[in-house]
Amino acid sequence: MRWTWTPEARQEPLVDDDPDRGSAIVEFIGLGLLLLIPVIYLVATVARVQAASFAVVAAAEQAGQAISVLEAKDVDRTGIHDVAAVAAQDHGFAPQDLTVTVDCSDGTCASPGAVARVHASIRVGLPGMPGFATATVANLSADVSVIAGRYS
């Protein structure tokens, strides 16, 4: 059977009496943005914490390597913090967010062969917060033990 279209077979034009017609796209965009923005912020926060975990481990390892290759008399706590701060800055963290402490088995790391324990910790704030508002998400730390002045 063959069918042909004729003008008489047309349906009546749609009447636009429904007041909710066309609002689904507005609701979809509104709810999509309302739910998408917090999810993006959550992902950014988790990425910042992950970067901090890499930064604190790298900072502790760099400080430990600096202690192990320096001569025992040249170990300077300020210089060790500067070395660790460079590693933290490579991951996007300011030096003031990083804390580095060095404990030696002989108390001063002055004798070759003393075991030095480097403890690095970093504070992670919420991303995108202004400088006057501080909110800490996590405090991460890493420890490294090395023999100080091994090559002295």
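With sequence neighbours excluded, the residues forming a side-chain contact (heavy atoms from CB on, under 4.5 Å) with Ala84 are Ala59, Ala63, Leu98, Val100, listed by chain and number. With sequence neighbours excluded, the residues forming a side-chain contact (heavy atoms from CB on, under 4.5 Å) with Ala94 are Gln96, Asp97, listed by chain and number. Residues satisfying the salt bridge (charged side-chain N to carboxylate O under 4.0 Å, His left out) test with Arg117, not counting sequence neighbours, are Asp103, Asp143. Under the side-chain contact (heavy atoms from CB on, under 4.5 Å) criterion, Ser53 pairs with Gln50, Leu140, not counting sequence neighbours. Taking Ser121 as the reference, Thr99, His119, Ser141 meet the side-chain contact (heavy atoms from CB on, under 4.5 Å) condition, with sequence neighbours excluded.
Minimum interatomic distance between His91 and Ala58 (heavy atoms only, all atoms of both residues): NE2-CB, 4.0 Å. The minimum heavy-atom distance linking Ala55 with Phe93 is given by the pair CB-CD1, 3.9 Å. Closest of all the heavy-atom pairs between Val144 and Gly64 is CG1-CA, 4.4 Å. In this structure, Val56 and Ala120 approach most closely via the heavy-atom pair CG2-O, 3.3 Å. Taking both residues in full, the closest heavy atoms of Pro127 and Tyr41 are given as O-OH, 2.7 Å, listed atom of the first, atom of the second, then distance.
A continuous path of hydrophobic side-chain contacts links Leu126 to Val124 [ILVMFWY only; heavy atoms under 4.5 Å]. Side-chain heavy atoms closer than 4.5 Å link hydrophobic residues (I, L, V, M, F, W, Y) into clusters, and following such links, even through other members, never connects Val57 to Val83.
In this structure, Val46 belongs to a hydrophobic cluster whose other members, linked by side-chain heavy atoms under 4.5 Å apart, are Leu42. Under a 4.5 Å side-chain heavy-atom criterion applied to ILVMFWY residues, the cluster that includes Ile40 comprises Leu36 as well. Through side-chain heavy atoms spaced under 4.5 Å, either directly or across other Ile, Leu, Val, Met, Phe, Trp or Tyr residues, Leu31 is tied to Leu34.
In this structure the side chain of Val137 reaches within 4.5 angstrom of the side chain of Val49, judged on heavy atoms. Within the 4.5 Å cutoff, no side-chain heavy atoms of Leu35 are placed close to those of Val39. At a threshold of 4.5 Å between non-hydrogen side-chain atoms, the residues Val102 and Ile67 count as touching.
Note: Ile80 CD1 to Gln65 CD = 11.0 Å, rounded to the nearest 0.5 Å.
Identified under the salt bridge (charged side-chain N to carboxylate O under 4.0 Å, His left out) test for residues 124-137, with sequence neighbours left out: none. Residue pairs that meet the salt bridge (charged side-chain N to carboxylate O under 4.0 Å, His left out) test with at least one member in residues 39-61, sequence neighbours left out, do not exist here. Each salt bridge (charged side-chain N to carboxylate O under 4.0 Å, His left out) pair with one or both residues in residues 31-44, not counting sequence neighbours, would appear here, but there are none.
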